[in-house]
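In what follows, every chain begins at residue 1, and chains take the letters A, B, ... in the order their sequences are listed. Just so it is clear, the values below take in all heavy atoms, side chains as well, and ignore hydrogens, waters and symmetry mates.
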Amino acid sequence: MPELPEVETTVRGIRPLVEGKRVREVVVRERRLRWPVTHGINRILSGKRILCVHRRAKYILIKFSHGTLMIHLGMSGQLLVVPKNVAPAKHDHVDIVLVGSKVLRFRDPRRFGSVLWVRGDPQVSPLLSKLGPEPFDEAFTGNLLFEVARGRRLAIKNLIMDGRIVVGVGNIYASEALFRAGIHPARAAGRVGLRRYQHLVQAIREVLADAIAAGGTSLRDYAGVTGEPGYFECSLKVYGRAGEPCVNCGGIIQHKVIGQRASYYCAHCQH
DNA sequence: CTTTACGCCTGACGGC
DNA sequence: TGCCGTCAGGCGTAAA
């Protein structure tokens, strides 16, 4: 399930392979994704040059002179760069065929992802305009979390997963960051002090940076640009480890559904 | 305004 | 072996 580190890994992987390349054609085999693939995408992109590839939150932004292709990997999406002679598989929904020998291929079995064309500045598009800061942006601080949490009773785990507060903290890394920060995931956000929020910001950055450095977590669906799985999975300290001993204290890792999401924590280490 | 629930979708998994 | 029910999970949207 792609989270920010997986998306960042994908961006870094495809960037040197597609930047500066011109699009030959776009082949859409299945347009029923999260939203329908933008109509006429072949006419929009054919003959145009990819200027650069960026990430904003979990969106992959492929910039052209006349607009931006916004790709979201959803739950099970992958963006691969493959030789043209590699036949599309069952869930390979969109091929961006490049001039030369390669194809930028969007694969997504569960079709929670999206492939959308945005004219002009993508930052003002509805999907991006309300997003909070990137976790590595200096605007993301313990003070920001503390202020925005004041008086709020929702679980802190839900707060840090709210893209309007900070982007890119998905379910896996929310549990991992809270474990590192020693904060119980169900604790009311308004009942966490400034110092602990500062520690949490640090923990979020650490866990994301570690995962990016490791090439992204691989649980079920993630694979790198050429198909190899990532390998951060073994670094997860609490996620998916219910019933196993805590790496810190040896206590049993707990599982609890918080805000409709599976959450993992050590009741002894996290308060 | 805040908070909660839902739905989209397929593959994996467990029970029988 | 195969069929079926259940569930995960990002995240926009609707509802409370």
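C/dC11 atom P lies 11 Å from atom CG of A/N171, rounded to whole Å. Atoms NE2 (A/H72) and P (C/dG12) sit 7 Å apart, rounded to a whole Å. Rounded to whole Å, atom C1' of C/dG10 lies 11 Å from atom CG of A/D108. For the pair A/I258 CD1 and B/dT3 P, the computed distance is 15 Å after rounding to whole Å. Atom NZ of A/K130 and atom P of B/dT2 are 13 Å apart (whole Å). Whole-Å rounding puts the A/M161 CE to C/dG9 P distance at 9 Å. Between the CG atom of A/L128 and the C1' atom of C/dG12 there is a distance of 13 Å, rounded to whole Å. The separation between A/Q260 atom CD and B/dT3 atom P is 14 Å, rounded to whole Å.
Shown here are the side-chain hydrogen bond (donor to acceptor under 3.5 Å, both in side chains) partners of A/R196, two or more places apart in sequence or in another chain: there are none. By the side-chain hydrogen bond (donor to acceptor under 3.5 Å, both in side chains) test, A/S175 pairs with no residue at all, sequence neighbours left out. Qualifying ring pair (Phe, Tyr, Trp, His ring centres under 6.0 Å) partners for A/H199, counting only residues two or more places apart in sequence or in other chains: none. Among residues two or more places apart in sequence or in another chain, the side-chain hydrogen bond (donor to acceptor under 3.5 Å, both in side chains) test is passed with A/K58 by none. Scored by the salt bridge (Lys or Arg N to Asp or Glu O under 4.0 Å) test, A/R55 finds A/E8, A/E134 as partners (sequence neighbours excluded). For A/D121, there are no side-chain hydrogen bond (donor to acceptor under 3.5 Å, both in side chains) partners, not counting sequence neighbours. Looking at residues two or more places apart in sequence or on another chain, you find a ring pair (Phe, Tyr, Trp, His ring centres under 6.0 Å) between A/Y59 and A/H72. Here A/E25 pairs with nothing under the salt bridge (Lys or Arg N to Asp or Glu O under 4.0 Å) rule; sequence neighbours left out.
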Below 3.5 Å is the cut-off: list the nitrogen or oxygen pairs between protein and nucleotides 7-10 of chain B, distance only.
from	atom 1	to	atom 2	distance (Å)
B/dC9	O4'	A/R110	O	3.4
B/dC9	O3'	A/R111	NH1	3.3
B/dT10	OP1	A/R111	NH1	2.9

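Each of A/V37, A/V94, A/D95 was evaluated against A/R29; a single residue qualifies, A/D95, per the side-chain contact (heavy atoms from CB on, under 4.5 Å) test.
Listed in residue order, the members of residues 139-158 of chain A having a heavy atom less than 4.0 Å from DNA chain B are A/R152, A/R153, A/L154.
Of the candidates B/dT3, C/dG10, C/dG12, the closest approach to any side-chain atom of A/M75 belongs to C/dG10. Among C/dG9, B/dA5, C/dC11, the nucleotide with an atom closest to any side-chain atom of A/K58 is C/dC11.
A sub-4.0 Å separation between OP1 or OP2 of C/dG9 and a side-chain N or O of A/Y173 is absent. Contact annotation: A/Y239 side-chain N/O to C/dG9 OP1/OP2 distance is under 4.0 Å.
End-to-end axis angle of the helix from B/dT2-C/dA16 to B/dC16-C/dG2, using five pairs per end and rounding to 10°, comes to 50°.
In terms of heavy-atom proximity, A/F112 sits nearest to A/D108 at N-OD2, 3.3 Å. Scanning both residues, A/R31 and A/T38, for their nearest heavy atoms gives NH1-O, 4.0 Å.
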Sequence neighbours left out, cut at 3.5 Å: what donor-acceptor pairs do the side chains of residues 244-261 of chain A make with other protein atoms?
from	atom 1	to	atom 2	distance (Å)
A/E244	OE1	A/R241	NH1	3.1
A/Q254	NE2	A/I252	O	2.9

